[in-house]
Amino acid sequence: MKYDFSAIEKKWQEYWLEHKTYACENGSEKPKFFALVEFPYPSGQGLHVGHARPYTAMDVVARKRRMDGYNVLFPIGFDAFGLPTENYAIKNHIHPAKVTEENIANFTKQLRMLGYSFDWDRVVDTTDPSYYKWTQWIFLQLFKKGLAYKASMPVNWCTSCKCVLANEEVVDGGCERCGSPVIRKEKSQWMLAITKYADRLIDDLDDVDFIERVKIQQRNWIGRSEGTEVRFAATTGDDMTVFTTRCDTLFGVTYMVLSPEHPYLKKWLDQLENREEVSAYIEQAARKSDFERSELNKEKTGVRLMGIDAVHPVTGKNIPIYVSDYVLMGYGTGIVMGVPGHDQRDWDFATKFNLPIVEVVSGGDITKEAFAIKDDTGIMVNSDFLNGLTVKEAIPAMKQWVTEKGIGVPKVNFKLRDWVFSRQRYWGEPIPLVYCEKCGWVPIDEQELPLLLPEVESYEVTDNGESPLAKMTDWVNTTCPHCGGPAKRETDTMPQWAGSCWYFLRYMDPHNNEALASKEALDYWSPVDWYNGGMEHTTLHLLYSRFWHKFLYDIGVVPTKEPYQKRTSHGMILGEGGEKMSKSRGNVVNPNDIVALYGADTMRTYIMFVGDFEKAAAWSSNAVKGCKRFLDRIWNLADGRLEGDAHTPENEAELHRTIKKVGDDIENMKFNTAIAQLMTLVNQFYDVKPSRADMRELLVMLSPFAPHIAEELWEIQGFEGLACEQSWPVYDESKTVASTKEVAVQVGGKLKATVTVAADASDEDIVKAACADAKIQRLMEGMELVKTIVAKGKLVNLVLKPQSK
RNA sequence: GCCGGUGUGGCGGAACAGGCAGACGCAAGGGACUUAAAAUCCCUCGGUGGCAACACCGUACCGGUUCGAUCCCGGUCACCGGCACCA
């Protein structure tokens with residue numbers, strides 16, 4: 001018979017669905033294992049090969065763990081709120097819910113087509129009211145604990161999406177999604193106080209098994225920095241507190257700088273002798289986009305505030321104050337002390353404005369550049385009582401001194417900003433709050449959740465940048481749950497990231513109407529044992545969901561501090577030429593086409609074989625054929641009942657080696673070498689015809705990678721049950737080695753010969769055999785043996801030198 | 001600039017607690033089977049020299065440690081990812 005993959009795959013996919021082969025059970029006696037992949041955004045383009053790599057990998061892991069005897073939760077769902085759907089809906093005049101429904105149906109079909117062993121009874125959809133009821137509920141808890149607050153501040157505004165963006169959504173000064181320029185805009189927004197969790201988000205990384213680059217990236221993003229706040233004063237009498245990591249350089253301060261957004265500027269404007277010049281600068285800074293403002297190596301700009309000076313807290317001297325856009329309002333206090341001798345940015349600024357540059361740390365040449373090195377090489381000078389100390393000594397000494405004098409205090413700062421949480425768009429979770437003139441912001445009654453998205457005529461954003469919901473006066477006007485008076489609903493919606501912050505919890509108990517999940521389910525399944533996802537989510541989804549989880553832990557909803565025990569990440573699938581797949585390059589590979597041509601099993605095997613899972617890999621249609629050939633070769637071996645209930649002696653060693661290697665490789669995500677080893681075993685079977693027992697082991701090991709063909713051949717061979725329900729085979733270490741082995745013989749570290757010895761030969765026997773080799777004997781003629789090294793019974797190195805007479 | 005990572009045949013990639021570099025696959029060449037082609041099966045396949053046995057050179061580049069280095073150390077170059085005026 002021919003290997004008819006289409007028929008076989010259809011047959012088994014229907015069988016699995018009908019028999020709920022991969023459904024799992026809450027509270028089973030078996031040990032639990034929760035394998036998680038990032039649920040897809042159901043776009044109109046359908047499933048991408050980029051989805052297939054992580055999904056297949058975790059499917060392999062999930063299938064292997066079932067064979068190891070675990071009760072495996074391997075769920076899937078859809079992160080379906082978001083702009084592309086909304087934009088499509090606007091353009092084609094279809095309700096986004098309808099678009100979402102169609103896209104989910106298409107994705108579901110494609111995911112089933114690839115044979116993933118998801119538990120289809122636990123699918124979640126973030127746009128389903130019974131789901132977003134709980135997203136809203138969590139938001140209300142955040143609000144009640146004071147972690148959601150409304151603030152007016154300069155926010156990132158995407159000029160094309162007409163929508164506010166979180167800092168994490170701004171990439172290179174542009175919108176993460178559409179790439180359009182992002183400008184700053186003063187707006188009143190809902191914020192989530194993720195910075196309150198900054199310390200824990202860093203510290204608790206020590207307790208989880210995330211790959212190192214994820215931890216590093218999160219730590220850098222949170223950007224913890226220890227320093228000192230030092231209180232300068234202005235001649236107006238106002239405090240001018242600055243944050244510095246280099247309090248040791250306090251005697252080197254020659255000027256101060258305010259950020260253009262600093263409120264003092266407004267306050268002081270009337271007192272300034274050059275108010276026109278200053279307001280012009282402030283306006284100009286406000287007009288610049290993030291990108292323009294942060295352009296590297298650009299000339300420093302700024303204006304001195306004439307008529308107001310700062311007072312140095314130690315020397316009491318007056319120093320000039322400037323406004324310059326190199327100081328950020330969002331970090332520290334928005335005021336910086338200028339130490340041009342020891343900070344390159346300050347040096348650039350001081351040079352441009354002819355400000356004095358004072359050396360307070362010796363060791364560099366401050367006429368050429370700032371000497372900013374913070375180790376033991378610098379010695380303090382011109383710094384009163386600090387003179388003679390190294391920088392390393394001077395920092396704590398000064399920190400203590402300013403604290404004692406009451407002019408400073410140790411302080412930790414973070415780069416992480418609070419999360420801008422409102423979006424002026426339709427297709428998101430409504431924020432369940434109302435505004436009452438008398439009572440302020442009031443949460444709606446939890447009994448009224450979910451607060452449904454109202455039907456609107458048009459999804460277009462309004463001209464003034466308000467959400468489409470703002471036009472729905474019937475919906476907006478309501479009564480205050482607190483005083484019963486007239487009130488208005490919040491019309492902004494939540495960002496796309498909201499629903500994905502907690503979706504893995506819903507999988508544990510997806511149909512619960514009383515809670516986001518029952519306590520029993522949470523206790524049983526928490527935490528996620530293994531979560532694989534893209535690096536691009538490290539500072540977005542992964543960080544946000546850790547934050548929400550910690551909050552849920554604090555209010556007693558979830559049993560663990562961290563949501564995910566283990567986090568791994570896959571490399572991207574690139575196009576055939578090694579470039580990123582994109583429509584414009586025309587190098588996008590559609591999984592549908594590959595499945596139609598070669599079948600899902602080939603697709604799965606190839607995507608696992610393509611290269612190191614953690615690194616990027618380029619698609620190769622030729623290599624796909626190689627994987628099809630591999631499956632064909634197995635088919636040809638097993639497409640007829642084989643004989644023999646015992647292992648073939650000649651095949652035994654390779655068989656045991658394969659069991660060991662494939663099992664280990666799956667755990668370590670070395671899927672490519674796992675398949676290479678399966679190929680080696682199949683090659684062995686072409687040398688020595690396998691018995692039915694040999695084939696049994698191969699099919700069990702093949703089944704996580706190519707489940708359909710494995711199941712079909714399992715049936716053809718007449719084995720009981722399903723291949724995927726067998727236990728992972730056990731190997732015998734002693735049988736992985738042959739009776740003899742080859743030992744490499746080196747002379748002076750260079751390979752000269754190989755000798756064959758018994759597998760259990762002693763080191764002496766190995767050396768004896770090596771020296772007996774004809775070629776080695778020739779090389780040893782007239783030489784003296786200085787040293788003999790035997791490494792792990794695998795290699796002999798003979799060190800020779802000319803014989804002395 | 002800072003923080004990560006990666007450089008291995010014609011190609012994708014193996015091997016790294018220092019121990020036979022190139023597993024496995026692709027492409028290529030040869031052969032078998034075919035009237036023929038496809039498919040399949042069997043060989044060869046890092047470079048240079050040699051009829052050959054064999055010799056020498058090879059893991060981005062330069063140097064070091066070692067009996068022995070793709071692997072460790074110092075330096076250089078290139079590429080990829082993240083952050084980027086964070087005081």
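Chain letters run A, B, ... following the sequence lines, proteins first and then strands; every chain starts at 1.
The nearest whole Å value for the distance from the OH atom in Y606(A) to the P atom in G12(B) is 11 Å. Spacing between atom CD of E212(A) and atom P of U6(B) amounts to 13 Å, rounded to whole angstrom units. The separation between L798(A) atom CG and C20(B) atom P is 15 Å, rounded to whole Å. Look at CZ on F232(A): it is 16 Å from P on A87(B), rounded to the nearest Å. In this structure, F349(A) places its CZ atom 18 Å from P of A87(B), rounding to the nearest Å. N636(A) has its CG atom 12 Å from the P atom of C42(B), to the nearest Å. Separating the CD atom of E536(A) from the C1' atom of C83(B) is a distance of 16 Å, rounded to the nearest angstrom. Following rounding to the nearest Å, D325(A) (CG) and A87(B) (C1') show an atom-to-atom distance of 15 Å.
Using modelled atom types, no side-chain atom of H342(A) and backbone atom of I366(A) make a donor-acceptor pair closer than 3.5 Å. Side-chain atoms of T195(A) never come within 3.5 Å of backbone atoms of A198(A) as a donor-acceptor pair (strictly under, hydrogens ignored). Proximity of a side-chain donor or acceptor of N668(A) to a complementary backbone N or O of K670(A) within less than 3.5 Å is not detected.
A donor atom on one side chain and an acceptor atom on the other are found under 3.5 Å apart for S762(A) and D765(A). Looking only at atom types and distance, the side chain of H537(A) has a donor-acceptor partner in the side chain of E38(A) under 3.5 Å away.
Taking only distance into account, the side chain of Q217(A) never meets the base of G4(B) through a donor-acceptor pair shorter than 3.5 Å. A donor and an acceptor atom never sit less than 3.5 Å apart when one is taken from the side chain of K794(A) and the other from the base of C20(B).
Under 4.0 angstrom from either OP1 or OP2 of C57(B) there lies at least one side-chain N or O belonging to K750(A). Residue K775(A) places at least one side-chain N or O closer than 4.0 Å to OP1 or OP2 of A55(B).
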Annotated structure of RNA chain B as dot-bracket, pair cut-off 3.5 Å, Watson-Crick or G-U only, | for inter-strand, is (((((((..(((......[....))).(((((.......))))).((((....))))..(((((..]....))))))))))))....
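Between A15(B) and C72(B), the two P atoms lie 15 Å apart (nearest whole Å). As rounded to the nearest Å, G13(B) and G7(B) have C1' atoms that lie 13 Å from one another. When the P atom is used for both A14(B) and C62(B), the distance is 25 Å, rounded to whole Å. G63(B) and A69(B) have their C1' atoms separated by 14 Å, given to the nearest Å.
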Reading nucleotides 22-31 of chain B from 5' to 3' and marking B where a protein heavy atom lies under 4.0 Å of the base, S where only the sugar-phosphate is that close, and - otherwise, the string is -BBSSS----
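When each of G19(B), C67(B), A87(B) is scored by its nearest atom to the side-chain atoms of K787(A), the top-ranked nucleotide is C67(B). Distances from the side chain of E742(A) to the nucleotides C3(B), C42(B), C20(B) place C20(B) closest.
With the nearest nucleotide of RNA chain B identified for both V799(A) and V743(A), V743(A) has the one nearer the 5' end.
Remark: K215(A) pairs with no residue by the salt bridge (Lys or Arg N to Asp or Glu O under 4.0 Å) rule, at least two apart or across chains. The ring-ring contact (aromatic ring centres under 6.0 Å, His included) check on F705(A) picks up nothing, with sequence neighbours excluded. With sequence neighbours excluded, no residue forms a ring-ring contact (aromatic ring centres under 6.0 Å, His included) with W221(A).
Sorted by first and then second residue, the salt bridge (Lys or Arg N to Asp or Glu O under 4.0 Å) pairs involving residues 570-580 of chain A (not counting sequence neighbours) are E579(A)-R585(A).
The distance between the ring centers of F349(A) and Y255(A) falls below 6.0 angstrom.
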